Amino acid sequence: MEKPFAITLDPGSSLANRTGSWRTFRPEYVDRLPPCNAACPAGENIQGWLFHAEGGDYEAAWRALTDNNPLPAIMGRVCYHPCESACNRQNIDAAVGINSVERFLGDEAIKRGWKFHPSAQDSGKRVLVVGSGPAGLSAAYHLTRLGHRAVIHEAAPLAGGMMRYGIPKYRLPRDVLDAEIRRLVDFGVEIRLRTKVSNVLEALQDGFDAVFLGVGAHIAKRAYIPAGDASKVLDAVAVLHDMEGAQLPDMAPMLGRRVVVYGGGNTAIDVARTAKRLGAEEAIIVYRRTREKMPAHDFEVEEALQEGISIKWLSTIKEAGEDDIMIEKMALDDKGFPQPTGEFERIPADSVVLALGQDSDLGLLENVPGLVTDKGLVQVDAAMMTGHPGVFAGGDMAGNERTVTVAVGHGKKAARAIDAYLRGKTYAPPPKPELATFERMNPWYYSDAPKTVRPVLDIIRRQSTFEEVLGGLDEHNALFEARRCMSCGNCFECDNCYGVCPDNAVIKLGPGRRFQFNYDYCKGCGVCAAECPCGAIRMVPEEN
Amino acid sequence: MSFQPIKFYQTGTFTVGNRLLPPEQRSVQASAKRFNSINSGHRACQGCGEALGARYAIDAAMEATDGQLVCANATGCLEVFSTPYPETSWQVPWIHSLFGNTAAVATGIAAALKVKDQGGTRVVAQGGDGGTTDIGFGCLSGMFERNDDVLYICYDNQGYMNTGVQRSSATPPAARTATTMAVGPEPGNVFGQGKFVPAIALAHDIPYVATATVADLRDLEAKVRRAMEIRGARYLHILVPCPLGWGTAAHDTIRMARLAKETGIFPVFEAEHGEIRAVLPIRRQLPVEEYLKPQKRYAHLFGKQPHVEVIARLQALADRNIRRYGLLEQA
């Protein structure tokens, strides 16, 4: 070839120079475990469903959510959202309102009539589920998804367990509960109401291959309180249960004008707030320890105090009379246990409601070989199976952390284990990736955005009625709230790695397909890892 | 601000792309079909700010001119690492000039294109701070005063990094270089010397003068786009951190540029016909120590007995920038 003056070589491209050989560290894309997912007792992939909600595809978000939890509208109301307590966004402004977006998706699904897609497979196996509370419904749902027939036996006339007979309507409207149960029935879950299982092994004989127990904890714990004949001492479970049957105000439990609730859990708060709504002038919670030690969740205590409920800390009830009670002041000792002080006080009370915890009715488990109970709890292994093969248990009867969300998680875990059991295997949960901590992220890139304040009904209104206390988000602010998610530890395709690479060594694969490193040219500078907002790139030393 | 920032959308316009935005609202760099004007395989150091800044700027210019672009490139890092004969990383028509005459070469190209009636093809001249603020300054000022139709881009890494980190007139006070050692009573580069060429460009009253950093891609692209809408002499001064010369970790390149802007050390603004039109305000103000500490060229300021008075003088310079350019957003 004829070359210009003083030119002896053809022009070449620098692509001949494989700068990847300079590298001592190589970047790798990873999916880390977002703290919300790690904290969720129901094992939801929260970051995963928010990803769809951010794009405004609410149905895809709802479907991703219900991969793990079939009750989003319920969960969006009654969950104590440990996810939000774990949210990395707290380090920037405030946690993402995960619970409110979940509720929005749940309500949207009810409004639009979204159904679960029918399961493709049919194993021909039948599984008995005892109890239609959150654990039972969750287990039945996941079993159905896995292709098994789930049949729920429920002793009560209506399904829902403690969600119906324990949680007040102002926290969980019954039309929401009914809608989510109906969707499960439409999906193929069979629910037999007024069907009490009194012996689990006998019930299993009826053509079932395995059983999941989720009978809940419906028996109120008692404390001995010397009480006069005319005194009125009730238990919280009965009061909340009777509320469910009370269609008319005069059918509601008679509590009087001055109601004392004894206990410090969420149930005590529920009863006190219910009493206030029934017209009590005074609702007083008596608790033997301090607010810091109270098992009830802080925001519920706060809402109760706002509604005019008073709380007597460090107090125990010594005796109950006709129109008053005597309480004794307590003091915490070195170990934090309350000790009596010998100081007494009388406070007027028309009734005393005991909210001291609940036990499970384990009568159906008598004479089950191998099954072990301890302090009223059924003992299960990591796969939720009792000592008797094929008998699984979850929910309130199998653990001390008694929330709807935990029960849903138990149901899911048990369903997977039952599926493995039915196929003659043992369930091994997949290994968990490392946690997406805030230190692994680059928060500079997230827009500043305040948390959407959920509309709170007027204080007077909620003191006098059973209307829902917390309002929901509309489509606009639900989208806004979803977009506050920082997608911790999981690529959300912001193009930063692709853009900031000085060596063009990141290949963009297109929407939904993320990116790939071109190790021929990547020099391993680590700018991509440093500038990845969500911490989805890891630098690892090269072997050679 | 040189562009309309997207207020929310998860990351707004802070990230390179944003899947929630329509494609036309994303940056040039986010596109899978961007030009990659400077290709892979170049010999720049790991984490080179200049290689990054050059791709950001020239890709944006290519986008703005629909690929009708010629580049003149001064001697310096950018030329050396991109074009060791016979290889080149450039995927644009590109000419290597001498160290000091890039502005003049670009002027000549623009004149030639005009004569050949190819006025649609635009000209960019580019160089480092040495080739711009020191050696090529006479040619640059001439290009400005003649209002030649050239966009001159200076990639400012604050020294002669290619030849072993010597001081330039863009090296900041107190910084250690090979020629301003950290010895004696006033270690590092002396105070009261050097120049800020964007302000000198401004004094020429040319149609467009702007500064930018590699940490604010959207701002940088908007400035290149605006510059290519205008005919006449235009000047864009981009701060490009140099891991080698500054003594920073390779992965900290963008972070250093961000810190320079957030501390007020480097003002990011835009001006037309000698008047400042907009500044990129500080988002989260930081003391200058945050910027100085990660850099080994300032290591002598810290150690066992920190030179608090020197740090205070650098802080005063940052504060003066904040005052002079109004870098703090009015609440």
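Remember, it's a predicted structure, so these values are computed and weren't measured experimentally. All chains are named by letter (A, B, ...) in the order of the sequence lines, taking the proteins before the strands, and each is independently numbered beginning at 1.
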Dump the intermediate steps for side chain to side chain donor-acceptor pair (under 3.5 Å) on Ser82(B) and Ser89(B), then the final yes or no.
CA-CA 5 Å; Ser82(B) 67; Ser89(B) 304; 5.5 Å; no

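- Contacts of Ile254(B) with chain A are made by both backbone and side-chain atoms, with heavy-atom separations under 4.5 Å.
- The candidate with the highest count of non-hydrogen atom pairs below 4.5 Å against chain A, out of Ala51(B), Ala250(B), Gly17(B), is Gly17(B).
- Judged by distance alone, with hydrogens and angles left aside, the side-chain atoms of Thr66(A) form no donor-acceptor pair with the main-chain N or O of Asn69(A) at under 3.5 Å.
- Contacts of Asn39(B) with chain A are made by both backbone and side-chain atoms, with heavy-atom separations under 4.5 Å.
- Under the 3.5 Å distance criterion, with hydrogens and angles disregarded, a donor-acceptor pair is assigned to the side chains of Trp49(A) and Glu44(A).
- Contact of Ile38(B) with chain A is made through the backbone alone, with heavy-atom distances under 4.5 Å.
- Using modelled atom types and a 3.5 Å distance limit, the side chains of Asn36(B) and Arg34(B) yield a donor-acceptor pair.
- Of the listed residues (Gln10(B), Gln46(B), Glu87(B)), the greatest number of heavy-atom pairs within a distance under 4.5 Å of chain A belongs to Gln10(B).
- When atom types are taken as modelled, the side chain of Lys296(B) and the backbone of Thr248(B) share no donor-acceptor pair closer than 3.5 angstrom.
- With hydrogens and angles disregarded, a donor-acceptor distance shorter than 3.5 Å links the side chain of Thr253(B) to the backbone of Gly47(B).
- With a threshold of 4.5 angstrom between heavy atoms, Arg258(B) approaches chain A through side-chain atoms but not through N, CA, C or O.
- For the options Leu20(B), Asp59(B), Asn18(B), heavy-atom pairs under 4.5 Å to chain A are most numerous at Leu20(B).
- Atoms CD1 and OG1, from Ile322(B) and Thr263(B) in turn, are 7.5 Å apart once rounded to the nearest 0.5 Å.
- Neither side chain, Asn73(B) nor Glu79(B), offers a donor N or O lying under 3.5 Å from an acceptor on the other.
- Remark: the His96(B) side chain and the Thr83(B) side chain contain no N/O donor-acceptor pair separated by less than 3.5 Å.
- Interface residue Tyr9(B): backbone and side-chain heavy atoms are both found under 4.5 Å from chain A.
- Both the backbone and the side chain of Glu54(A) come within less than 4.5 Å of a heavy atom in chain B.
- Ring planes of Tyr291(B) and Trp246(B): perpendicular class, angle over 60° (limits at 30 and 60°).
- Contact count against chain B (heavy-atom pairs under 4.5 Å) is highest for Arg483(A) among Glu493(A), Arg18(A), Arg483(A).
- Donor-acceptor pairing under 3.5 Å is lacking for the side chains of Ser37(B) and Gln91(B).
- Checking side-chain atoms of Ser31(B) against main-chain N and O of Val28(B) turns up no donor-acceptor pair under 3.5 Å.
- For the pair Arg63(A) and Tyr58(A), the NZ or CZ position fails the cation-pi test of under 6.0 Å to the six-membered ring centre and within 45 degrees of the ring normal.
- Proximity to chain B at a heavy-atom threshold of 4.5 Å picks out Lys508(A) from residues 508-520 of chain A, in numerical order.
- No part of Ser27(B) comes within reach of chain A, as not one of its non-hydrogen atoms sits under 4.5 angstrom from that chain.
- Side chain to side chain, Arg55(B) and Gln29(B) meet the donor-acceptor criterion of an N or O pair below 3.5 Å.
- Contact annotation for residues 495-504 of chain A against chain B (heavy-atom separation below 4.5 Å, listed by residue number): Asp495(A), Asn496(A), Tyr498(A), Gly499(A), Val500(A), Cys501(A), Pro502(A), Asp503(A), Asn504(A).
- Using modelled atom types and a 3.5 Å distance limit, the side chains of Gln158(B) and Arg297(B) yield a donor-acceptor pair.
- Heavy-atom pairs under 4.5 Å with chain A peak, among Asp252(B), Leu217(B), Thr88(B), at Thr88(B).
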